[in-house]
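Before any comments, here is the structure.
Each ligand, and each atom within it, is numbered from 1 in the order the structure gives. In this chain, numbering begins with 1 at the start of the sequence shown.
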Amino acid sequence: MSTSYSTNNQTVTTNSATESQISLRHISKMFPGRSGWLNKITGQASSDFVAIEDINLDIEHNTFVSIIGPSGCGKSTLLDIIAGLSTASSGEVLINGQVVDKPGPDRGMVFQNYALMPWMTVLGNIKFAVETVFPKMPAKQQQRIIKENIQLVGLTGAEKKHPHELSGGMRQRVGIARALAINPQILLMDEPFGALDALTRGFLQDEIERIWEQQRKTAIMITHSIDEALLLSDRIIMMTKGPAARIDEVLEVPFPRPRDRTTVENHPDYLKLKQEMEDHLYRETRAVEAARIK
Ligand SMILES: Nc1ncnc2c1ncn2[C@@H]1O[C@H](COP(=O)(O)OP(=O)(O)OP(=O)(O)O)[C@@H](O)[C@H]1O
């Protein structure tokens, strides 16, 4: 049975907080405006902008969570704070009970634009990450990890290619292999399939599902796709529009695992969840448009 509930800005948790791997406590992010005299006379002045406000969330081990919300609501801002790539203006991120405020090997990141080093081969990109995180590991063991992860994402044979010789889907396979090769506890993905055509996107969604079933790492993924979120997630975080975006609702996704598209789409709760997400996105996006034309 599916359950959904409104958070009213309270901490959202489905288990006791002690089981949480990731805890977000009162996270807000304000981007300071430009108020100096030079900005004023050049017409560049702007006021402070509160992107997200008082976000509270607990995520348990081995859970796949998606974040969905209207464009510009602050999804990447929140993920960057969890990754330690950006700091919160107030509030805390705890991982296994420890406050984190910078990147660490416990979190692997997959970016929409792949963020590969163009002068390095497939193997070189993954090797660089492994050597950086495990500098003292014997070379043989490093090579084994690199090989296993290249195999895992189906890139065997493409090791010597450079990013410009690869399709978008293959580049993202490198991005995924690189993130997993450092064996992070948590996988963070910012619209990982956003730049791919529909068919490639479908293939990679299936790959992520297969890999997730094998490894069951805690994952947080930003997506604009309702079907992608329903295929992959245990929970879906639905954010309101910004400014001062917050968590509006959390959907529990009850589909049994391992999953495939057909069984998910035939599940009795599928249409209800899909409708709920569509209503949410439509409502929030309409509010964004209404604010724009005021
Ligand atoms: N460095 C910055 N300075 C000022 N404002 C910023 C900065 N970074 C982001 N913002 C603003 O914060 C808000 C949230 O941006 P963010 O990229 O997190 O949204 P998003 O939900 O990920 O968007 P999208 O779905 O379009 O990728 C936006 O209004 C954006 O313009």
Could you tell me whether Ser71 approaches ligand 1 through its side chain, its backbone, both or neither, with non-hydrogen atoms closer than 4.0 Å?
both

Quick check on contacts: which atoms of ligand 1 are under 4.0 angstrom from a heavy atom of Glu191?
27 (O)

Do Glu284 and Thr240 meet the criterion of a side-chain donor-acceptor pair at a distance under 3.5 Å?
no

Taking atom 30 (C) of ligand 1 as the reference point, the nearest protein heavy atom with its distance
Phe49 CE2, 4.7 Å

About how many Å separate CD of Glu228 and OG of Ser66, when rounded to the nearest 0.5 Å?
7.5 Å

According to the interplanar angle, ranging from 0 to 90°, do the rings of Phe255 and His267 count as parallel (below 30°), tilted (30 to 60°) or perpendicular (above 60°)?
tilted

For atom 24 (P) of ligand 1, closest protein heavy-atom neighbour
Gly72 N, 3.5 Å

Can you tell me the protein heavy atom closest to atom 10 (N) of ligand 1 and the distance?
Phe31 CE1, 3.4 Å

Check: Thr77/Asp80 side-chain N/O donor and acceptor closer than 3.5 Å:
no

Using a heavy-atom cut-off of under 4.0 Å, does the side chain or the backbone of His224 touch ligand 1, or both, or neither?
side chain

What is the closest protein heavy atom to atom 17 (O) of ligand 1, and at what distance does it sit?
Ser76 CB, 3.9 Å

Atom 14 (C) of ligand 1: protein heavy atom closer than 4.0 Å?
yes

Using a strict cut-off of less than 4.0 Å between a Lys/Arg side-chain nitrogen and an Asp/Glu carboxylate oxygen, indicate whether Glu159 and Lys147 qualify as a salt bridge.
no

Ala51 heavy atoms within 4.0 Å reach ligand 1 at atoms 12 (O)

If we only consider heavy atoms of Gly74, is any one of them less than 4.0 Å away from an atom in ligand 1?
yes

Under 3.5 Å between any N/O of Cys73 and any N/O of ligand 1: does that happen in this structure?
yes

If we count only N and O atoms by modelled type, under 3.5 Å, do the side chains of Asn125 and Tyr114 hold a donor and an acceptor together?
no

What protein heavy atom lies closest to atom 18 (O) of ligand 1? Include the residue and the distance to one decimal.
Thr77 OG1, 2.5 Å

Between Lys29 and Glu53, does at least one N-O distance fall below 4.0 Å, as a salt bridge requires?
no

Identify the two heavy atoms, one from Gln112 and one from Gln172, that lie closest to each other, and give their separation to 0.1 Å.
O-NE2, 4.0 Å

Electrostatic pair Arg144:Glu148 at N-O distance under 4.0 angstrom:
yes

Do any non-hydrogen protein atoms sit less than 4.0 Å from atom 26 (O) of ligand 1?
yes

